[in-house]
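Atoms considered below: every heavy atom in the structure, side chains included; atoms not considered: hydrogens, waters and symmetry mates.
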Amino acid sequence: MTTLPTDLHAGSTIPTLACIRVRAAADQLSTLRGMTCNIAYNHGFDVDGVADLELAIDEAASMLIALAAPGTDITCTFTAPENALRIEVSAISTAEQPAGKSSFSWFVLESLTDHAELDVVRQGAIAYIGTDDTPRRDATNAATVTVTLQKNLLQRPE
């Protein structure tokens with residue numbers, strides 16, 4: 001697990017709460033769920049909101065693990081726009097069809113969050129770097145697949 005510095009994205013006024021990078025493997029899901037749960041509670045979400053985000057991160061990361069190139073990582077960034085929590089989960093994929101919005105997983109993500117977005121950026125030929133910084137293999141048609149989730153805080157009348 002690698003924890004990256006928390007600062008503002010270039011040109012953004014939205015603060016980054018945390019950024020974590022883990023191996024693209026199913027045994028890392030509990031780490032991502034735990035981090036999400038902790039941040040959501042500390043950000044003011046109620047029990048239901050935390051549970052929604054926990055399930056959503058599990059579903060998004062599971063989708064990306066299935067698509068991730070061997071030996072690569074999943075990066076998860078938590079930002080805090082006003083009255084919300086935004087989570088960006090990304091991985092490098094060599095799949096022909098990296099992901100789609102017509103799957104049951106995507107339906108689950110849209111049900112659990114207020115906003116879900118899928119972004120696929122083709123990289124062309126790149127060399128994969130593993131967690132020990134050694135080149136793994138070259139690949140063509142690589143893409144960075146990013147799932148962005150946003151859950152708004154409930155506004156309670158005073």
| query | After noting the C-alpha distance and the side-chain angles of V50 and D52, does the key distance pass the side-chain contact (heavy atoms from CB on, under 4.5 Å) rule? | reply | CA-CA 5 Å; V50 171; D52 287 350; over 6 Å; no
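- Side-chain atoms of S105 and E59 include a donor-acceptor pair closer than 3.5 Å.
- Judged purely by atom type and a 3.5 angstrom limit, T72 has no side-chain atom pairing as donor or acceptor with the backbone of A68.
- Contact detail for L67 and A95: the closest heavy-atom pair is CD2-CB, 4.0 Å.
- With contacts defined as side-chain heavy-atom distances shorter than 4.5 Å, the pair T36/L85 does not qualify.
- Between R23 and D73, no side-chain nitrogen of the basic residue sits less than 4.0 Å from a carboxylate oxygen of the acidic one, so the salt-bridge criterion is not met.
- Considering all non-hydrogen atoms of both residues, L109 and A60 come closest at CD2-N, 3.9 Å.
- Atom CE in M35 sits 8.5 Å away from atom SG in C19 (nearest 0.5 Å).
- Residues F78 and T16 fail the side-chain proximity criterion, which asks for heavy atoms closer than 4.5 Å.
- Q150 and T113 get closest at one heavy-atom pair: O-CB, 3.5 Å.
- With a 4.5 Å cut-off on side-chain heavy atoms, T146 and L118 do not count as touching.
- Hydrophobic clustering places L17 together with V147 (ILVMFWY residues linked when any side-chain heavy atoms are closer than 4.5 Å, directly or through intermediates).
- What you find for H43 and A84 is that their closest heavy atoms are NE2-O, 2.8 Å.
- Between the side chain of D114 and the backbone N or O of N152 there is at least one donor-acceptor pair closer than 3.5 Å.
- Contact of the L55 side chain with the V108 side chain is not registered, since no non-hydrogen atoms from C-beta on lie closer than 4.5 Å.
- N42 places a side-chain N or O within donor-acceptor distance of the main-chain N or O of N38, the cut-off being under 3.5 Å.
- Minimum interatomic distance between A61 and I74 (heavy atoms only, all atoms of both residues): O-CD1, 3.9 Å.
- Residue F45 holds its CZ atom at 13.0 Å from CD of E54, rounded to the nearest 0.5 Å.
- Cluster annotation: W106 is connected to I57 through the hydrophobic network of ILVMFWY side chains, with a link wherever side-chain heavy atoms come within less than 4.5 Å.
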| task | Evaluate side-chain contact (heavy atoms from CB on, under 4.5 Å) for V89 paired with I87, printing each intermediate quantity in order. | result | CA-CA 6 Å; V89 191; I87 306 169; 3.9 Å; yes
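- The closest side-chain heavy-atom distance from R86 to T148 is below 4.5 Å.
- If you take OG1 on T31 and CD1 on I20, they are separated by 6.0 Å, rounding to the nearest 0.5 Å.
- Proximity of L64 to V145: side-chain heavy atoms (C-beta onward) are separated by under 4.5 Å at one or more points.
- The shortest non-hydrogen separation linking L112 to K151 is O-NZ, 3.2 Å.
- A single hydrophobic cluster is not seen to contain both I92 and V121; linkage of ILVMFWY side chains at heavy-atom distances under 4.5 Å, directly or through other members, places them apart.
- From M63, atom CE reaches atom OG of S103 across 5.5 Å, with rounding to the nearest 0.5 Å.
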